[in-house]
Structure formats: structure tokens, C-alpha cells
Amino acid sequence: MPEDIHPKLLKPYNPQETEDRLYKKWNESHLFNPDECIAQGITSPSAPHFSIVMPPPNVTGTLHVGHALGLTIEDIMVRFHRMKGERTLWLPGTDHAAIATQVKVEEGLYKKEGKTRFDYSREEFLGLVRDFAQNSHDTIVNQVKRMGASVDWSREAYTLDEKREKAVRTAFKRMYDAGLIYQGHRIVNWDPKLKTTVSDEEIDWAEEKTPLYYLKYGPFVIATARPETKFGDKYVVMHPDDKRYAKYKHRETVEVPWINGTVTATIIKDESIDMEFGTGVMTITPWHDNTDFDIAQRHTLDKEQIIDFDGKLLPIAGDLAGQHIKKARPLVIEKLQNLGLIEKIDETYVHNIAKNSRGGGVIEPQIKKQWFIAVNKEFAMGPSKINGIKEGDTVTLKKLMLAAVENGQVNFVPERFSKIYFHWVNNLRDWCISRQIWFGHRIPVWYKTGTAGKTEEIYCDIEAPVGEGWEQDSDTLDTWFSSGLWTFSTLGWPDETPDFQNFHPTSVLETAYDIIFFWVARMILMSTYLIGDVPFKHVYIHGLVLDGQGRKMSKSLGNITDPLVMIDKYGTDATRLSLIIGTGPGNDSKFSEEKTRGYKHFANKIWNATRFVLSNTADMSWDSLFAKGANAGVMPEYNAEDQAHRDALTALVVEVTGDIENFRYYLAAEKLYHYFWHTFADQIIEQKKTALNATSTAPEDVKNRKSAQRLLMEILVTVLKLMHPFIPFVTEEIWSLLPLTQKRILMVETWPQ
RNA sequence: GGGCGAUUAGCUCAGUUGGUAGAGCGCAACAUUGACGUUGUUGAUGUCAGAGGUUCGAGUCCUCUAUCGCCCACCA
């Protein structure tokens, strides 16, 4: 073994010794920052821009393998474009995740001390949440670094920091002034446990076996799964075409003996009634049911609240008032039985119940005053860069959201996700943006209350109003309001900063499909309205990372893979490859530790091949290949066989470059793996051993030897560059060991052509 | 009820615009003190879910069916 081989290469590759050191080196070079790349003469100021914002992880704990996959894909994009010489920005940040974070803290308090947030003042409680969020933030930042993510930390953002607060308030005010944000009494999803509303998207539906009660209601029999809500029912609804009830006229009234005495019931004919279900007749509870609310709206019927916001019955329930609805049901049944109002009970019925997916309780729809964004309200478009929509055109937010994708300005990868997007947007209802939790952006609206206790004045602005007697709205905003602004709030908006001008719209948004509605759609809404432009050109969607058996990873199954554990065992590069290879865009993938171990072997294979190349080229000058100008050496000539290998390498460069540009990371990575191991190591190196070992000084032998040496060097150098976006650590470490006198760190070397 | 996806070797999955079925792991045999603790070579295994259609030609495009998975809607 020649003496000038670096001693490190004599042992197997050790990621544990390498990775943190290299990340520090990259970070301290400041070259994650595109401005520094220009300052250091690496990137041309006139180069095209490439920018992505990191989907901000929730500060609710730690990153999981899904995050690891996303970060890997994003880092591949970013490192590739940076090496291509583009002005490349990857902007990191975290999300305060309002309700999710608050719930986490509340759960902890309850477990540890048996307290709820109402045992604290608002400010005390928020202090606890902030501490928790800070801890979580620090953990996440460390994890992002360990993934090798080449993000510009100098631009790090948080959805709840001061700059983002300004953006949020500006956005709110603009939409409020335009009449697109309004306050209204509407039926919302109320969680009596967490004492807040949640959006439709935050609800999980679960099946529950609940008896279906058939109750006598005057001349009718109605079927209900929730008899405890029926006290005040005074509308009986049936389908207009139902022949069984043809003799009853719309709006006709009948006297009906009911739970707490006789009521006057009004007959309503409505087409939403399913004639097949139950008896084809039902009574409605508009205050606590979406469908019933809609029926009541259509026929302008009275609505009455039955259940309070704690989940207890109101005085309308008579002697059951004050009972919690869970306890009230058997009591109502008993009462109905005594009154002889129960016709029959269907015990086989399965009812769908709505639960708050953020760890809350069973949703009780309520009519409540909330803030909404009007998605169907027409307005005149402002300055527009949306294709097909001009300034002054009459549009709605929904129309803007559709146009941005229909016209191809925003392009989904894979394309099929645009269908899901369209379907969702087309059925979108006004977005309830107010929450009754404490952690989050407080609504920038202040009220002045008069002596009679009535609101006399409403004020909405970025800053609080001056003067006495103003009180801020106690609600906070849905967390997705602030994340909807993420592509531009992170770049300095509403100020016209250079970052905003340079890097918006962003190039690609990389995210998981389960967040298309929550986030992608909301970003398109906010950006098209507030900026008149799309937030990003491409949306790259990745799938779920499942366990080895194809199951979703979850705490209850105990099948969660911690990316840090894999990194500790096999290194970041191996972890990244195992997440990427075999995972097409939008498809779920299974995580396998075996696969990860295999890619650790690959890192070592590269390491060993490097040792072979270095020890067999020690008598050659690498600078003859790579130095420019006066330092350039004489390049050995290729023989025909090696020229063919060189041409194949060029073909690989073209292919891999095309794959990366077209979002086929899984293919590019696999091709590189295959080329390195099975073409370069197994075939080319084996084939060249004879030429390299030849000691003869015959001109032909010397030529073949030099040719082989050049080939090995060129392949190694080229493939290290090609592989760097995928496996940045081992390639950078090897790069640092190459005896090149003129080289940058690999991260900012130029992409091969 | 509406929609989306999957179905290819024992397992996990590729197969980019239609042109002779691929990889990794596993399996079998052989070789190997080697650049390689983590090696190589060779090999076996496929009605590409099923049926029909378009085409000179279909794993790939179209139609239908089956099974599995997911999303949306949510019937009181």
C-alpha cells in the first residue's frame, strides 16, 4: 500500500466519526446561504434562482421517518441545483401548530399535576407552551442537521415569531377590509373537551354501534340515534315525493304529544331526505347537526340550542337540564318508555361519530359566532400574474385556487394529485379560521364595549388601537392561516425585500399527500389573493413511510422507526438511500432496516473503491485532469476500450441529470448505485487490473496503464459529484481525501456535464 | 355513495414516450488471503391479478371484472 494514501482509508468508512464534523464544516463555510455563494465567487449573481421553503415541522416533539424522507428529497433538489450553479435557497423553519402543541402541553399538565389550562392565567399557560415549543424546536433543529439538510439557518423562520406575526396581521387586515374575512353565526365543529372549534379537515370519523330508536311523533314514527337532542324538535321533515306521506302538506302543522308535553309540529318537505332510511321521516335539530342546519336555512326555520358548550343539556330539556348528554341518554329513553313513545329499537345500527383528531373529544356541532374566510364571495382581482386572470376581473378565492392549477402554473408531481385538489376545492365551504384556544396568533381585532355591554366599535389593524377601553378578540387563528403564508412570510412579505423579489414564487414545494388540503391548498389561496401570484411552480408529493409489513407507523402499534436510531446504526447516507430508492413520487413505501444496512455496505464499497483508485494512481497527477490554465497538466490519452467506458459515463451523467430534473430521484439513485457497484467496481476495475499491474515499459503497456489510471480517476470524480446530492457525507469525506490541489468542498463543486 | 392507487420472481419493488421481462434481498453451485471484515462469478424461479379490445407488436394504451389499500362524502 503506497504511503501517500490517507490512513483513514485503510479502515472501513465510519459515518459516526464523519457526519457531524462535515455538517459543521459545511455550516461554517456559510455556503448554505446563496448570498455567501455569490460573495465567495462560487455562484454568479445572474444565475437563475432556485428556492424551496421547508415544510415547517410542528414543534410538538420530534421528527419521524416521514420527515426524514421529505428532508432527503428536498436536500437532493437543493444540492443538485446548488451544484448546477444556481442561486439556491432552502429556507428552514418550524410551525407553532397551535392546537396540536397546546393539546400536548395540556395533556402533560393533566398527567403530571391533574390541572387544566383553566387553572392558569392565559399568560402563565402560554409561557408553559412556549417553553415546550422551544425544547421541541431545539430537538428538531438538531435532527434536521443530522439528516445533512443544507438549509440556510441564517434565514430560519417560525410561524409565530415577530416577522410572521406582522405578515399574519397584514393578511388578515387586507382580507377583512376586502370583506373576505367576516364574522358570522354558523354551525361549526365544537369540541366540548378542548373548548374550541376545529375545521372539517381536523375531524376523524369512527363507527360506533348505537341503537337506532324509532319514536312515535304524532302520526309519524321517526328514527333517531340521538334521542337526547330531541326535546325541542318541532319540525318534521319528509321527502316531497314520498307517497306514504302525500296527504301531509308542506308547512302544515300538527299537535304532537312529546317528551315534555305537547308541541306544535310543522311539516317540512325537503329533497335531502332519504326515503329508504328508517321511516323516511325525521325531526330536525338544526343547532346541533350540519344537515339539519342546512334544511333549516333553506326553509328559514327556527333554531334552538339544546346542548351547552360544556356538553350539558339546557333548560329546554326540562327536568334533565344540566345533565351531561352522555348521562342524559338513558334517562331520556326511560322517560320515552314511560310515555309509550318508543315504537321499536334497532340494536344493529352503526352510527358514525366525529372526533377531534387533535386529541380532543367527540364533536358536538354548535351554532357559534366565528371568523370565516369567504371562498365564494366575488371581488375584483388586484394586480395579477395568474394566467388567464387580469386585474379587475371578477373572481372568488375558489376561482383563484382552481385557476392556478388548471392553467398549469402550479404543477403537481405526480399529476394525479391535482384531481384530488380540484375535488376538494370545488366542494370547499367557507373556512372557519377562529379557534378558542390560547396558543397561536391572536385575531387582530379589537372591540370597544359601551356601558350597556354592547359592542360599539370594531377595529382591525396590524397594531392595537390607541386609547382606552379596547379589548382584543380572545380567539386565535387556525394554525393553517399562518402556514398558508409560509412561502412569502418567510421571505420578508409584506415588505418588498430582495429575498421576496428574488425567491418568490418558490420553485418547488415538497410535501406529503396527507397535507394537500390543510396546507398546499391554503398556500395557493393566500398567495393568489395577497400577491396575485402562485406560491410555487411544482408540488412534489411524497407518500407515507410504512413499517416493514406495510402498516402505518403509530405509537399504539409500537412500530415507529426513529430516523436518528438508523443514523446512529448505519449512517445518514445509508438512511437517506434506503428512504429514496424504490420510492416513486406519491407512493407509500415500506421502511426496512435490512435495506438500510445494505446501503451502509454501499458507502463502504465507495470507500474501498476509492482506496483502490488512489493506490493505483499514486504516480499520476490528479491536477493534470482538473486544474485549469497554467497548472493544467497533460492528460493521458484514452485507448479505445477506455474511451467507450468514458462515453458510457457521459451517458450516465445525462441520464441521471435528466432523472433529477424530472423528479425521478428514486431512479437516479438506483442507477448510480448500480453503476458504481456493478459497472465500475465489478467490471471496470476488474477489467483494468491487468493494465494497472503491468510493469512492462513497452509503449503500448504504458499507454494502457495511463489510460486506465485516467479512467478510474475520472469516473471516481464524476460519480462522487453525481452521488453527492443523495449521499452527501461519504462523498464529501472522500472528496476531502482526494489529492487535488485545486478544489472546493464538494457541496459547491460544479455538476458534471 | 364518489374518487384515487396497487396487483410484475419466495420477499421488497423498478420498468420514464408501446419494441426480446429487470434490480436488490433471499436461494443454489463455484471461486476468492482480495481495493472490499461489508467479495466475486454463474445459475434457477414470472400465463406481468383475470377477461376482452386497439396495434405489426401491450407489463405499458382502452373497456370490464376481482382482491387489497387510501382519500372524500356522511343517512337522521
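In what follows, chains carry the letters A, B, and so on, assigned in the order in which the sequence lines appear, proteins first and then strands, with residues in each chain numbered from 1. For the numbers below, each heavy atom of this structure counts, side chains included, while hydrogens, waters and symmetry mates do not.
- Residue A:Ser592 is out of contact with every strand shown, counting any heavy-atom pair closer than 4.0 Å.
- Nucleotides B:C72 and B:U65 are separated by 24 Å at their C1' atoms, to the nearest Å.
- Projected onto RNA chain B by closest heavy-atom contact, A:Glu201 and A:Met275 fall at different nucleotides, the more 5' of which corresponds to A:Glu201.
- Remark: the separation of the P atoms in B:G22 and B:A28 is 24 Å, to the nearest Å.
- The residue A:Ile273 sits close to a base: some heavy atom pair falls under 4.0 Å.
- Judged by the 6.0 Å distance and 45° axis criteria, A:Lys303 is positioned over the aromatic ring of A:Phe293.
- Spacing between B:C48 and B:G15 at atom C1', rounded to whole Å, works out to 11 Å.
- Between A:Trp751 and A:Phe80, the ring planes are perpendicular. Angles over 60° get that label, and only those under 30° would be called parallel.
- Rounded to a whole Å, the CD atom of A:Glu207 is 14 Å from the C1' atom of B:A73.
- Between A:Trp677 and the phosphate of B:G40, there is a side-chain N or O to OP1/OP2 separation shorter than 4.0 Å.
- Between A:Ile267 and A:Arg251, every side-chain heavy-atom pair lies at or beyond the 4.5 Å cut-off.
- Among the atoms of the strands shown, none is found under 4.0 Å from any heavy atom of A:Glu276.
- Every salt bridge (Lys or Arg N to Asp or Glu O under 4.0 Å) that A:Glu733 has, sequence neighbours left out, goes to A:Lys8, A:Arg21.
- The gap from the C1' atom of B:G18 to that of B:U12 amounts to 27 Å, rounded to the nearest Å.
- Seen from the ring of A:Tyr214, A:Lys344 counts as a face-on cation partner, given the 6.0 Å and 45° thresholds.
- Side-chain proximity of A:Pro12 to B:U16, B:A35, B:U38: nearest is B:U38.
- Only the C1' atoms considered, B:C64 is 28 Å distant from B:U16, to the nearest whole Å.
- The separation between A:Asp289 atom CG and B:C75 atom C1' is 10 Å, rounded to whole Å.
- Considering only side-chain atoms of A:Arg611, the nucleotide from B:U38, B:U16, B:A35 that sits closest is B:A35.
- Atom CG in A:Asp200 sits about 11 Å away from atom P in B:C72, given to the nearest Å.
- Spacing of P atoms, B:G24 relative to B:A9, comes out at 16 Å, to the nearest Å.
- Comparing A:Lys605 and A:Gly582 by the nucleotide of RNA chain B whose heavy atom lies nearest to each, the residue mapping closer to the 5' end is A:Gly582.
- The CG atom of A:Asp294 sits 14 Å away from the P atom of B:A73 (whole-angstrom rounding).
- Classified by interplanar angle (parallel below 30°, tilted 30° to 60°, perpendicular above 60°), the ring pair A:Phe417/A:Tyr513 is parallel.
- Taking the C1' atoms as reference points, B:C27 lies 28 Å from B:A35, given to the whole Å.
- A donor-acceptor pair shorter than 3.5 Å can be found between the side chains of A:Asp200 and A:Asn189.
- Among the atoms of the strands shown, none is found under 4.0 Å from any heavy atom of A:Trp607.
- Contact between the side-chain N/O atoms of A:Asn587 and the OP1/OP2 oxygens of B:C13 is not found at any separation under 4.0 Å.
- Computed from coordinates, the A:Tyr421 OH to B:C71 C1' distance equals 17 Å when rounded to whole Å.
- Among the atoms of the strands shown, base atoms are found under 4.0 Å from some heavy atom of A:Ala223.
- Side chain of A:His423, nearest nucleotide from B:U16, B:C72, B:A35: B:C72.
- At the heavy-atom level, A:Gly543 lies nowhere under 4.0 Å from the strands shown.
- A:Trp480 and A:Phe518 have parallel rings, their planes meeting at less than 30° on a 0 to 90° scale where 60° marks the start of perpendicular.
- Checking B:C72, B:U39, B:A35 against the side-chain heavy atoms of A:Lys689 singles out B:A35 as nearest.
- Taking 4.0 angstrom as the limit, A:Lys590 places a side-chain polar atom (N or O) nearer than this to OP1 or OP2 of B:C13.
- Looking at the side chain of A:Arg416, the nearest of the listed nucleotides B:U38, B:A14, B:C4 is B:C4.
- With rounding to whole Å, A:Asn608 atom CG is found 11 Å from B:G40 atom P.
- Of the side-chain N and O atoms in A:Lys419, one or more sit less than 4.0 angstrom from OP1 or OP2 of B:C4.
- One finds a side-chain N or O of A:Tyr666 lying less than 4.0 angstrom from the OP1 or OP2 phosphate oxygen of B:G15.
- Residue contacts for A:Tyr513: at a heavy-atom cut-off of 4.0 Å it reaches no nucleic acid atom on any strand shown.
- Proximity of a side-chain donor or acceptor of A:Lys216 to a complementary backbone N or O of A:Ile342 within less than 3.5 Å is not detected.
- One interatomic measurement links the two molecules: NZ of A:Lys595 to C1' of B:C13, which rounds to 8 Å at whole-angstrom precision.
- Contact check for A:Asp270 versus A:Met238: no side-chain heavy atoms found under the 4.5 Å cut-off.
- Counting non-hydrogen atoms under 4.0 angstrom, A:Asp682 reaches the backbone sugars and phosphates but no base.
- Comparing B:C68 with B:G50, their C1' atoms are spaced 15 Å from each other, to the whole Å.
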Find every protein N or O atom lying less than 3.5 Å from an N or O atom of nucleotides 20-29 of chain B, and list the pairs.
residue	atom	partner	partner atom	Å
B:G24	OP1	A:His678	NE2	3.4

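- A:Ala681 comes within contact range of at least one nucleobase, with a heavy-atom separation under 4.0 Å.
- Atom CG in A:Asn427 sits about 10 Å away from atom C1' in B:G2, given to the nearest Å.
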